[in-house]
Structure formats: C-alpha cells, structure tokens
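Here the structure is laid out as structure tokens; the discussion comes afterwards.
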Amino acid sequence: MKISRRDFIKVSIAGAASTVLVGCQPNQRYVELEPYVVPPEEAVAGQATWYATTCGMTPAGNGIIVRVMNGRAVKIEGNPEHPLNRGKLDALGQAGLQLLYHPDRLHGPVVQETPGRREFKPLHWNEAVNILAENVKRAGAGLAIWAGLTTSGHLVDLFKRFAKATDAPAPVFYDLYAALHSYDALASACGGALPTYDIRRADLVFAFGDFLGSGPNPVYYGVQFGAFRGQALGKRGYLAQFEPRMSITGAVADRWVPVKPGHEALAAGAMARIIAEEGFGGAERAARAGELAPEVDVAAVAEACDLEAEALVKLARAFAEAANPVAIPGGAPAGADNGVEATKAVQILNAIAGVGPLAPGVIPPGITPTTPSTFAEAQALIEKMQNGEVQTLLVYGANPVYELPEAAGFRQALNKVETVVSFSPIIDETAAWAHMVLPERTYLEGWGYRVVTANTGRTIISSRQPVVVPFYQDEATGPAYSTGDVLLTIARGIPDAIAALPWTDEVAYLKQMVGALPAGAYGGSDPDTRWARYLQHGGWWPAEDAEPAASIMELAPVKVKAAASQGEANEYPLYLHVYTPVMLGDGRGASLPWLQGSPDPMTTMTWRSWVEINPQTAHNMGIKDGDILKVTSPYGSIEAPAYVYPAIRPDTVAIPAGQGHLDSGRYAKNRGANVIDLLGATTDATGENLAWSNVRVKVERTGETINLPIFEDKKGAQEHLHF
Amino acid sequence: MSRPTRVWITVIGLVVLLVFIGPFIFGVLASVPNYEQPIVEFSHKRHVQNAGIDCLYCHSGATRSPVSGIPSVEKCMGCHEHVLSGEAPIVKLQEYWENGEPISWTRVYQLPRYVHYPHHVHVSAGLNCETCHGNVGEMDIVTPAQIPNMGWCIRCHQGEENAVELMDCLNCHY
Amino acid sequence: MSEQDASGKRRWTMIVDLDKCSGCGACVVACHAENNVPIAAEDQVVADRSQHWMRIERYWEGEYPDVKARFVPVLCQHCGEAPCEPVCPVYATYHDERGGLNAMIYARCVGTRYCANNCPYRVRFFNYFDPVFAEPLNNQLNPDVTVRSAGVMEKCTFCVQRIRRAEHTAKVEGRTLADGEVLPACVQACPTGALMFGDRYDAASAVAKLLEHNGRAVRLLETLGTDPSIYYLKGGTSHVD
Amino acid sequence: MSIETERNPWMSAPPESEDEQEQVEHLRKDHLLLDPVGMEAMNQDALGSMTRHGRWTWMLIVVLGGLAMMAGVGWLVQLFVGLGFTGLNRTIFWGMYIINLVYFIGIGHAGTFISAAFRVMGFETRRPIARAAETVTLFALAAAGLFPIIHLGRPWKVYWMIPIPNQRQLWPNFQSALEWDAMAIMTYVVGSVLFIYIGLLPDLAMARERTGVNWRRRLYSALSLGWRGTDRQWALHESVSTIFAYVIIPVMFSVHTIVSWDFAMTIQPGWHSTIFGPFFIVGALYSGVAAVLVAMGFLRRFLKLGYFIREEHFDVMAKFLLIMSFAWIYFYFGEFLVTWYGNLPPEMTILDLLLYGEAAPLWWLMIFCNVVVPVGLLWMRRVRRNPGILFVIAVFIQVGMYLERYLIVGVMLGRPELPFNYSWYYPGLEIPIAIGAFSFVIFFYFIFTVFVPIISTWEVGEGQFLHGLRKIGRKITKFKSDMH
C-alpha cells in the first residue's frame, strides 16, 4: 500500500469538510453542504478513515489510531497493532483531541514586546521564521534548547544535531512528568535505562509507587495488569502496594501497606533481610538474599516504618515463596534524597527472586531515544541563562515556568535571555514570558517518530503523521510551519548547520531515517514501502519474539537509610505527598475540559486542586470537607480545599499536581493551586536528581469553605454497596 | 361608544393582532424553503437526460456509505475542464476551482433531528434513488419529492417482511 | 452462525471484571469522546449535575490502616426488565428486542424524567441546559451520534451507533456480525481488559463462554429483578492473605 | 316580592312570649338554616359580596396578580433555557413542580368532597360553604394541571401524551402511571368544572336578574344558559347534580390514588409502598379541608359574609379536620412501622434520614404542623368556634402537608439504591414559580368572587325551605321536611 500522504497534505489545505453534520443548532433548518474541492483519496463521505500515529499527551509513546470523518478528527483510540499499548489507551491520550480543537489555540506566530504582559501581536509565519533565524544566527553558541519529554523523536534528533553543529550546549529534555516520576533516579539506579517489568505471568507484585494511573507507562502496565489478574487456569496475581497515600494501584492492590514516607526502601531492605535470615523461598533465594541484603534490625525498621514486624515477615515470606515475584520501584521513594539507593533496595528484592527489568532494545543508528536530562543538567542551563550566556532560548513541549520550583530560578533567569521563543500551541506560562511564540502543530497535525521509552525487550519506534490538515492556516499568517521545518529553514542560513541538517523539509529527513530502518515486523523491501508501512501500521518494530528478554542487573548490597525530610518536624508536622493525578497528569491535561471535568477516580473531584487528609487528622484539626486550607512548606505556601481521604497516613497530606495554571487556556487558567510551589530545588545525594518527595508541611484553616465539585456523595460513599 | 374610544380600540386591536399574528407570519415566511443553488444554472435534468450520467457517478457514497455524498469540485472539473468550458455557469465553477473554494450547495433533503438514515443499506435492499428522491432526471432545480418525515418512513417500513425489525425506534433514532 | 442469529435476536452483554478494574478513567473519557456527552462545568458539578454515561463508583470499606477502596464502573445496565421502560408515558424509552438494548429515543422524549427516578442505578442523565462545545471544540463531535438538546434524557446506549454501523456494513456485505466485531468505546479503551462485550445469546461468543459456570459473576441490585445485561465479576483473593 | 312566604310556608308566626323568643334565638344562633332573612335579602347579601372588596383586598389582588406574572416570566425563561435554573440534579429528577402538583391536587379534593360527598350524605352544613370549597377545587386544579407541563423538559411536546391516531403509529404508553395520571387529572378537571358550573346556574340567573343592563348582565345571561327556574329545570338540575355528585366521588378517589401511584409504582426506596393510595387520599382531604377553612376565614372577614359562614360551620369543619388528622397519623404511622420492622437497608436509610439525618428538621416540623398543632388544639370547642385560631391552624396544616410531599419527592429521591449517588435538593427557580402558583390560585379565587356569588344562595334557600321551627305546645323544635 502506498499512500502519498504528503501530497494529500499539500493539496487539500483548503479542503474544508462539509461543515455542520451534527445538529448542534436545533433551529438551523437549512444547512449548507460544502464538499471537498479535492477529496483525499481515502475519504468516502460518511465513512471514517483511521490514521495511525503516536500519542503526544504522555511521554510513554503509546500508538494511537485517529478516526477521521470528513476531514475532522473525531476520536482517538489505541492502536491494536502497537506492541506497547495493544489497542488500549488512557484518559490523557484520548483527550488529546481537545488539544487539536482547543478554542484558545494560537492561529499563527505572535510576538510581544514586554514578556509577561501577554499582549501578543500576530505575525506572518515567514516573517516569524526570519526573525527567529536572525536571532539564532546572532546567538551562535548562545542558543539553548529546552524541550519536554513528549517531543517527537525526530525533533530530538534535529535539536541535537542543530545544537552540536552550532556549538550550542546540548538540549535539555526535562519536564514535570519526568521529574515527578523520577525518570532520572530510576534510570541511574538501573544502569541508564528506565526499568520496565513484565508482570503478565507474575504471581506476586510488590509496587512502591503508582504504576497503573501514572508513572512512565500506565497503559502498558494496564494491559499487563489485566493479564496478571486473569492468568490461565484461574491463577490470579497478588499485588501489594507500599505507599503512604492510596493511589489507584493501591486501590486495586490486594494489600495496601501505608509505610511511613521516606521509609519505603527500609521496608524493602528489611524484607530482603528477613528472606535471608528466615531462609524463605528455598536455599538459592535465601543465599542471594544473604549476599545482597545487609544486616538490619528488623524490629527497629518495622517500627520506623510504622508497620508491624509480623506483617513484614509475612510479606517477605510471600515474596520469597512466590514462583514469579516482581518488585516495581518508583513513586515517592525514587524522588527522595536517597532515591537512587531506594530504587536499588527495591531492585535487590528482584535480584533475590532472579528477575530483572526488561532489556532495552537495540536502537537503529541515527535515531536516539528521548533520554531525559537530569535535574542537575537543567539547573546548569538555568545557571547559564542567569549568567547571560544564553542569547536565544527555544522552549518546545515543556512549560518550565510552571513546572519548576521557584527555587530553581528559571523565571528570573528568563529575564537575562535576550530572546525567548516558545513553540506552545496555546499560551502557557512559559509562552507568556516569551518574546515570540511559534505555535507548533499539535501532534495530530505533525510528522515524526518516537522511540518508545519503555524497554519492553525490543525497540519500538512509533510513527507520527498528520491525521488532519493543520487546523489553523489563515491568510494573514500564511501556511503553518512545523517546528521541524522551522529548524531546517533556519539551518539553511547557518553554514555549520546546513551541513548537519541538509534536508529540505522534515518529511525528507523522516523518509530517509525510516527508509534506512532494517526490515521490521511488517517487512518491505524498498525504503518507500517501508515508509508507507511505517505510517500505515503506526511505526516500526522487530517481529515479536516469543518472550521478551530480561536484563541481568549487577547489584551490590545497599545499606539504605531513611530519606531525609525537608523541613523541621516541629514546625512542619505533616509529610507532603505529591502525585500526578490520573486525569491531569503533570498539568498537560489541565487545559482540556474532558480531563478537567472527568472525576478523579479516588476522590471523584473535578475542576480543582485539593488536599487529601486523613479523617483522624482532620477531626483533630477541626477540618471538614471543603474547608480551604493553607498548606505551607519551607519553600512556599498554597491554598486548596480539604478532601477528607480515608486511605492516607495520619501524618501525611497529599496534593495532586497539574492545577494552578496562570495561563494555558480558558479551562486551566486560575484553577486550583500549583503544588510545585511547595517544592524546593534540592538535589538528592548524587547531586543529579531532584529530591521532590519528603517535603514537610504545615496545614492551617483559612476559615473559608466551599462546596467541593465532587461526583460522589461523601455520605453515600461510606455506605457499603450490597451486591 | 364615542368616536375616540372606537379609534383607540381599533388601534389597540391592530397592535395586538400584529403582536400575535406577526411572528406567525414571519415564521411561515422564514420557513419557506429556498432551493436556489450557488450555481443557479446547475441542472440535474441536463446531466441525467442530456449527458446520461448515472446518479452514482457523482453521488458515489450511496452504495457504500450512510451518506451519498456531494461531488467535489475536482469531480465537476473532471468533465468541465473541457465540456462547455466557455459558458458562464462553468466559468463560475472554474472560479471556485481556481480559488480552491468549496461550493456551498444548498441542502434539499433535511432529515429531522435525532435521525440517522443510512443510504448504503437502503440501496443494498434494492431501493432506487427515484423511490425517495423523485424523478431527479426531470428536474432542473431539485426540490424535495418527499418531506422526509417519520410518517413517510413508516409507510414503507411497515409493509416489509421484517417490519418488526424495521419499525424498531432504535433503528434510526440514536 | 448460531441458532439465535437466525431469529435475529441478540442480548448484548457487558462483563466488568472488578478484579481487573484499576479505576483509571479511560472508559469515562472514551465515552465522552464517542457519545458527545457534554462536560459539566464546575458550578454544575457542585449542583450535582455531572453527566457521565460511564462512571466509576468508588466505595470505601474499613478504616485506616485496613481501608480498602472498591471501584465499581456503573453504566446503563440495559435491564431485561428495565424499571425505566414501563413508566415513560410516550415510549421514549422502551426495550429493543433485537439486541436486548434498553433504548432511549431522544426525539420522542418530552422530559418527564420519570425513567430517571425509577432507575435504581441512576444512570440516566437529564440535559438541564443545551450542551456547550466552545468553537472549535465542536469539531470533535462524533457525527454518528446526535447532540442532545436541553430537556431530554440521555444515557449509555452500548454505543448503538457502532452496533448499527457494523450491522449495516455486514448487511451490505451480505454476512452476519462476528463476535468481537462491535465494541463500545469504553470496552475498546479499557487498558486492563476489565470490560468485555458481546452477544450472550450466541453460545460461541467470548462473553457467553466466560459467563458459563462463572462463580464470580453477579449483577448489580439483582434482587430488584431488573435482569441487567451487565455482569460484574467479583474481585477475588489470592493465597497470600 | 313574596318569595319569603312562598318558600317558607312552614315558618311559624313570630314567637309570642319572651321565653319563646329566647328559645328561638338560641336555636337560630346555632343554626343558619333556621335564621331566614328572606330570599331576596339573602340574594342581595350574597350578590353584595361581589362588590364588598375593600381597598386592601384589591391591593392584595394586584400583588398576587403581579406574583403570578413573575412566575410566568420565570417559566418563559425556563422554556427557552431549559430546566437548569431549578435545583434538580442527577439523582433528584422531580422537585417542587411535582410537589406542587400533588399539593394542589390534594387541595382540590376538599371542594368536591364537601360538595359532592356531603350532598350525597345529606349533610346540611355544606350548603353555604359548598361553592367556596368548589372554587378552591377549581383553581387548585387549574394550578395543579399546569405543573406537569411546567415540569416537562420539552413542554411543547405535551400533546404526545394524548392518544391521537397519527401516521407515525405512535401512541402513548398506557403502561405508564404518568399516562394514567394525565388522563385522571383531565377527567377530574372536566368533571369538577362541570359540577361547579351546574351548581352555579341558578345563581348566575339570579345575578342576571339583579344586574342593570351592562356587560355584566350580558355575561351572566350568556353563562346562565337560559335558566328560568321552571319546575322542569329545577327537577333536571336536581337529578343532574345528584348524578354528578355520585359520579365525581369515585373520580376524586381515583385521581389521588393514581397520583400516589406515580410514586408507589416505582421501585424507589420510600416510594414503593402499597399504602400510598389511601394515604394520599387522606392527606389530600386533610390539606383540602384545611384549605377550605382558610378560604372560609378569608371570605367571612374580607367579604363580610358573616351571615352565611358562621361559627357552627367552622366547628363542623374543624371536627372534620380533627378526624382527618387522626386518619393521616394512622396511615403515616402504619407506613413507618412497616418500614422499620421490615428493616430493608435502602428503606432504613430513608427512615434514618428523616428521623435523625439531614431531613430531620423538616420532618419534625412536619410532625409539629400535622400532628401536634391540630390534635393538640382542635379538641377544644372554643378553638373550633374561633375562626381566627382555626385560620392559623389551617395554615399550619398547609405547611405540614406541603412538607410531607416535599419529603416524599424532594428528599426521599435523594437516597437511591446505590449510595454513591445520594443527593440533596436545593430548589431554585421552583420557589418563585411555586409562590406564583399560590398567588395564581388566590388571585383567581378573589377575581372569581368579584364575578360570581361565592355563596350558593339557592342551596341555602333550599335548605331553609326544607327546614324550620315548629311549635308543639310550649316547646319549639327543629323540623326537617320530608320532601327531600
């Protein structure tokens, strides 16, 4: 099958579809029919066409298929052929459609004289690209690129090439999603690759963080979890969840273990020690445990963790005696000041059981996976900006003004940068402080590829292609440039860059890269066929092996201490548990009404931030549902209503990330509070990664009370449902 | 009654009449359908009778899609690039083509709200286009041969063999 | 093709495996996207007028630290003996014998809301206002599904538009529907596979096979005699506890 | 005119001695029917009531009309925008509109009951208050008939509930309790209007005769349908009234039973109860009789109808009210006892809600209004004979009975089977519309008294004709004609 998608895009720019098919306006009796000027080859009026592409809402890189009817994208579904998510998709991924049709999307490039004023003047695309080219040329090595983890893989490669060619510092790939899921700490504890586990045939899983609702690969793990719970012959996996606040994973877990914050790794270490001492799980496992688990006083650890020693023994025994146990690291412990050690302590449990994370696939040459930068690297760039070494800053797919703690100093550093260019399609917090915004095509209108972050034992390169023509192409602004084309156009004016980026447009680049891939699962003898199949099936991956290979981890014994908390216990009596909620993710979802208005699964809250607090603590402090609380940490304070939450430790309050936007469109603006304001910019023991967990806070009532926008009835939810 | 009273009564009566009857008349006038097409000279009769073109040539979706479809400008130009290319209406068409503008045809058949009508199923059940659309080949300007309302649908459906299935509300309303 | 196919009668059935449901909300958003279900603004949520054809009910059991949360996805149960059907004075809701669907005909609804009161599951939603889709968000609307105006009830249809589309295609192609050819949007999205869908009258279908001698299968409020089409597989336990 | 002598042939001669005078006075004070003032004087008094509206009454009428108009504007807004400004939500789909429907239908029961049932039972006290009560029925029903339409999401489609043959082959669903309800209400409205109209005929003719040549006279002559008071007309009138009285009683009972079935036929906890039929009828009569007492109080005070509406009527009605109160308590207690003993979780949820939960203040207020106040006071003869206090008690019962319906509809609905969906009802736009509906009823009641004699003079006259005092030796006794 050979589809000349590119030609389609070129010629059908003006091919508006028949406008009103749905009776939105009851009284509109006589509707005008607008047929295509030139219909796309595949289109039959009234029948849908599906295009395979890659989700751009989370960094996971799920394969999606988009249902297109009469030139409008109407539904995003999981790509059943895609080996990562196998036809399934999470809430965030499905809501991406609203990014495409967001009412506050920019129609074209805009500039503002004074950053932060939000007084934008429209600009013609050609003019904007010229201005940018001038700036970039002038900046030379003073160019810096800051991109998020959802950035298309081809842009990652182009950015890297461009920076290298112009002697600019290497681009920084850092966003809140990566930060709050401790990509950096997890990777550095696991030999540079994010650990992913195959739990389909596991009979027991110990998880140290939410992996079904958030985390690096929620959909992948969702599919796996389904298989884990419904194995052959009625076998059912057992899941124990170690976390201070019950996440949705904790809710489906067979056992929720509310370990004291910062002590999760201690519990893991103690369990490993118990296995060694009690000789659980046979001689081999006990021996390995003896090698890897250092001496600890189990009773003391249990008390420190606020658990019963018996419970730890029981859990350790269950783990050791299970046929295929798996421990999944992540969550808050990975974001503590000893995050790397904590992750390793969890990995020791796996080592005892004889499992390791799935092996990363071999990446074809020329293509690089999107490896997140560490917080230290991001800080280094901020420092450069602060020192005036950065003349032009390009911000793509990230929103550092919103995402970074105040203490990181990004906002102040921006003032020292001559030209700040954002590529955000909606004015977000960073774009508000930019001099110029060149709105990118959303991922549904753009090209690209993406190396899937999860190491599922083989390489998955997901394809990205436009499913609709760029939605905004005004006369006044001219045809829209994709960011890749902007980069290639700018490169044409810089001799060093033109050598590194010789392609006429990004599609030429993509065709070359994809055409050079070895024959994958879909074969194809010539580059053109491979390119067509790559687009048709949603990507490139090798034919499926029988079993994904697990990698063997080299581990040394880890003596892990309780994570240090930030803030004095007597001044700040409560732990703060920050998490990314299922609907809003790290804040990307906040601008989309489907996600704002869909209830959070645990609290059924919509449209707001909230503070989860244990009923006992709430009772002691006289706090009721809906009381506006002032939460203060050593770094700042925010206000949000209380939600009395039965499944959280009494010494902990939990606040979801994602709200508190000052910009980012009408649905996100001035809604809730940004929990990042409570975090500091401290790094962990390695000095590389952000230590975002174990911040201590104090909570006060402000005296105000609101009616919570919740879906449930709080009284009814306490009742039992009788089946 | 004195004369001024009568005058007043007449005036008030007229105002009341206007207030109550006015919207009604306006409504009737506003709902008089106007089937004038953007290219007024376009004639189905000429295309069907003189040129002998089959309905499905232009409305190709009828056999395979719920929507029969309106031909694209490209399809029109496929013939009119050469056929009658100098004539005034065709020049108009060519203007649309050159500007890359879609032609806003006026809808002739308007289903009521909350109804779905699949063309392909009806065609595959053996219905001719003329059964519902009338003899379009005889019409210069197409006007509805039927008002597509529910009573009209029912009249066919109830006579069929599988009438129970066909009369099910959920067949068309969802 | 089974015997039941010959009579043309089906009983579309959904199975919800509570052991697999992680409450991730993918089904909720899928339903909104597929069925043009409007999102309630914050003030409307506070007024308790959220509109979610598919919702995840979360119940707490026990107290800290032995607290347990249970997710129960609730959607229209498509009852065989639906309480909502006989009470509608104008047949706006009635039983579709062909598919065993509990049908809601928006065009016929006068808005007495009697059906909603008599629904023990409270899965029927009323349009208190006309839905608003700020331009150009209206582009996302599914053209196969009508947008309901103010004053009519609405509820889960088991994605009847998908069933019809598949039926029409099958009819045009001169064949019958295959098992698994139709999936509602929620089932399609569900990452863990907690939702399954099929024709229970077709003995060869996956759902019929799964329900056969399944000790975990229960139905919601079954004592009311509503004969729902949604089966819940109760959460199991493992050896460790 | 010699109507007096003609119609009261058995009236004895004026008492002779002072002792006799005292006896006669005593009996007359007690009994209106023994206190004839002569037909013409009585007619003039009744007609005069149409012109006795003072300045304050008129101001009240204007205010009430304004409030009713405001409600109309509220409804218009609702027609265009949808039901969004009401307090209904995703759990509680029926609110004050339905409560008003039940309430006004309930009020509507008293008129028919007092007029028809008392007539059938030969209960003489009805005569002067029958029309006042029927008028309450008339306008309460008018309001009640509006509310199902106001309540609809798409009221312009209400005609779909009427069984008309159509090309779409669509019929109403005769299985639906709401459909029965629509038909029952329509039957009852038509029956009640005819019943009251038949009773009006002689008095309309009487008004026609006593009005100068103007538009009023033309109106009355058109409305009186050529009534001349011939023997044949009277005979027909008598038989038609009697037939109607017999027929309308089962209709009346069926209407409120069917209204109760709107609730009882569902499976909503708290609603699903077999006792609802009789319970609702008792409740309806209870609130209806109280409403008639309110109307009587108004009429006596504002229209100075002290001659017709006497303490003895208040006394009788108050006794009746007391009986209804006991009956209502009996049913309510029975309902709750069964629920409590049955101990079904969803039903107990509602019981808890009412007795100690969020709804407890409303519930206890209702108990106070419906039980404590009437039962505590009405056993006293002094209270029963005091129109002022009775007026206050009757208003309390109105509040109580409104609350009862509010609890059934607006509160119980908030406790469905699945606890996740519990809810609470805060009415919004319904409040002005309900106020408007009350104003509407009272407004038209007053307007009605301007056009029509609110006392059925022919009935009172008939009663006096059939009753009298007779002197047997030294004893003066009441007697009743056997002509009836």
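Naming: A, B, ... by sequence-line order, numbering from 1 per chain.
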- Just grab all the ring-ring contact (aromatic ring centres under 6.0 Å, His included) pairs involving residues 123-153 of chain B, residues at least two apart or on different chains. B:Y109-B:H133
Looking only at N and O atoms, which donor-acceptor pairs between chain B and chain C are within less than 3.5 angstrom?
unit_1: B:R113; atom_1: NH2; unit_2: C:S149; atom_2: OG; d: 3.3
unit_1: B:Y114; atom_1: OH; unit_2: C:S149; atom_2: N; d: 3.0
unit_1: B:Y114; atom_1: OH; unit_2: C:S149; atom_2: OG; d: 3.0
unit_1: B:H116; atom_1: NE2; unit_2: C:D144; atom_2: O; d: 3.2
unit_1: B:E165; atom_1: OE2; unit_2: C:R98; atom_2: NH1; d: 3.3
unit_1: B:D168; atom_1: OD1; unit_2: C:Y94; atom_2: OH; d: 3.4
unit_1: B:D168; atom_1: OD2; unit_2: C:Y94; atom_2: OH; d: 2.7
unit_1: B:C169; atom_1: N; unit_2: C:Y94; atom_2: OH; d: 3.0
unit_1: B:L170; atom_1: N; unit_2: C:Y94; atom_2: OH; d: 2.9
unit_1: B:L170; atom_1: O; unit_2: C:R164; atom_2: NE; d: 3.1
unit_1: B:L170; atom_1: O; unit_2: C:R164; atom_2: NH2; d: 3.4
unit_1: B:N171; atom_1: OD1; unit_2: C:R98; atom_2: NH2; d: 2.7
unit_1: B:Y174; atom_1: O; unit_2: C:T146; atom_2: OG1; d: 2.9

- Message: Below 4.5 Å, heavy-atom pairs only: which of B:L170, B:V164, B:V121, B:V123 has the largest tally toward chain C?
- Response: B:L170
- Of the backbone (N, CA, C, O) and the side chain (C-beta and beyond), which part of C:I163 lies under 4.5 Å from a heavy atom of chain B, both, or neither? neither
- Note on the structure: Checking heavy-atom separations under 4.5 Å from chain C, one finds in residues 46-56 of chain B none
- Using the test side chain to side chain donor-acceptor pair (under 3.5 Å), find all partners of B:Q158 that sit at least two apart in sequence or belong to another chain. D:Q169
